[in-house]
Amino acid sequence: LTLPASQPAQPFGAALETHVIQLMKTSIKHLLLTAALAGSFAVHAAELLLFVDKGGDHAFLGCFSCSRYNSSSIWNTYGQYGSRYSTKSIWNEFSDYGSSYSSYSPWNAYAQKAPVLVDRDGKFYGYFTCNRYRSKRVSAELMDFLCENVGRIREDPGSFHDKYFR
């Protein structure tokens, strides 16, 4: 395979990663656009929030679409919803919301009580879960990517957010 002189050769891994990044950005933009259109272009409609029903208690797990600097963002490494040490974070592999064994965690491939993604008006966008058999699951491409990379994301959610969602 010979590339034209204007395109330097990249290792297969780098080209694949570049393609995956573009797919992720497209998936996120599509999800946010859907939220904005559903909310009649209301500013707050673009805020996609994670909740889980834990025994009748609707626990807030953070804002999915917020900036990494927002205190409620799951991408804020220093916030209670983005820290890998917080019991309220999906990135804490030892918490009810981040363990791959908890029925309340998005990372449990068999969870039936996984978090949901909603906007501020309560419009449902899907189950935020690695369970491929769960109907009404958030975008399969997006969830599959997050599920495959959860270990890397836990190390630094903010950097991951900047690389894939901006």
Side-chain angles (χ1 to χ4, degrees), residues 20-77 79-84 86-93 95-151 153-154 157-158 160-166:
V20 168
I21 290 171
Q22 289 304 88
L23 283 175
M24 288 307 304
K25 287 181 179 183
T26 302
S27 292
I28 293 297
K29 288 176 184 174
H30 176 72
L31 191 58
L32 293 175
L33 179 61
T34 301
L37 293 173
S40 300
F41 297 100
V43 172
H44 67 274
E47 286 189 9
L48 299 176
L49 312 172
L50 288 171
F51 283 91
V52 69
D53 185 4
K54 190 173 182 185
D57 177 34
H58 299 292
F60 176 63
L61 300 181
C63 180
F64 176 79
S65 60
C66 292
S67 157
R68 72 180 280 187
Y69 303 106
N70 183 309
S71 62
S72 295
S73 176
I74 66 167
W75 308 109
N76 184 338
T77 306
Q80 66 179 329
Y81 305 106
S83 168
R84 66 189 297 182
S86 171
T87 58
K88 295 181 179 182
S89 174
I90 63 171
W91 307 122
N92 180 343
E93 63 187 310
S95 75
D96 284 345
Y97 309 121
S99 167
S100 60
Y101 302 105
S102 172
S103 57
Y104 303 109
S105 171
W107 316 123
N108 179 340
Y110 305 102
Q112 291 299 312
K113 300 175 184 177
V116 295
L117 194 63
V118 297
D119 65 20
R120 288 213 176 264
D121 294 326
K123 180 170 175 18
F124 176 80
Y125 289 89
Y127 288 96
F128 193 78
T129 181
C130 292
N131 184 345
R132 293 175 182 227
Y133 304 103
R134 183 72 164 120
S135 63
K136 299 180 182 175
R137 180 179 179 227
V138 169
S139 166
E141 288 177 351
L142 172 63
M143 284 310 305
D144 289 346
F145 182 79
L146 293 174
C147 295
E148 290 167 11
N149 291 283
V150 66
I153 300 169
R154 280 185 173 127
F160 185 87
H161 175 271
D162 288 351
K163 183 174 183 177
Y164 291 95
F165 297 160
R166 286 179 58 181

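Being a predicted model, the structure only gives us computed values, none of them experimental.
Side chains of Tyr125 and Asp119: a donor on one and an acceptor on the other come within 3.5 Å.
Although no hydrogens or angles enter the test, the distance criterion places no donor-acceptor pair under 3.5 Å between the side chain of Asp121 and the main chain of Lys123. Side chain of Asn76 to backbone of Gly82: no donor-acceptor contact under 3.5 angstrom is found. Side chain of Ser89 to main chain of Ser83: a donor-acceptor pair is present (N/O by atom type, distance under 3.5 Å, no hydrogens or angles).
Of the options Val116, Val118, Leu48, Ile90, a side chain to side chain contact (heavy atoms under 4.5 Å, CB included) to Phe128 is made by Ile90 and by none of the others.
Contact check for Trp107 versus Cys147: side-chain heavy atoms found under the 4.5 Å cut-off. Contact of the His58 side chain with the Val52 side chain is not registered, since no non-hydrogen atoms from C-beta on lie closer than 4.5 Å. Inter-residue side-chain proximity for Thr87 and Gln80 is flagged as unmet; no heavy-atom pair is nearer than 4.5 Å.
Sequence neighbours left out, not one pair with a member in residues 97-109 passes salt bridge (charged side-chain N to carboxylate O under 4.0 Å, His left out).
Between Phe160 and Trp75, the two ring planes are parallel [angle under 30°; tilted spans 30° to 60°]. Relative orientation of the Phe51 and Phe60 rings is tilted, given thresholds of 30° and 60° on the angle between their planes.
For Tyr110 and Tyr133, the gap between ring centers reaches or exceeds 6.0 Å.
Here Lys113 does not pair with Asp53 in a salt bridge; the nearest charged N to carboxylate O distance is not below 4.0 Å.
In terms of heavy atoms, Pro115 sits closest to Ser105 at CD-C, 4.0 Å.
Annotation: cation-pi geometry not satisfied between Arg137 and Tyr127 (NZ/CZ under 6.0 angstrom from ring centroid, within 45° of ring axis).
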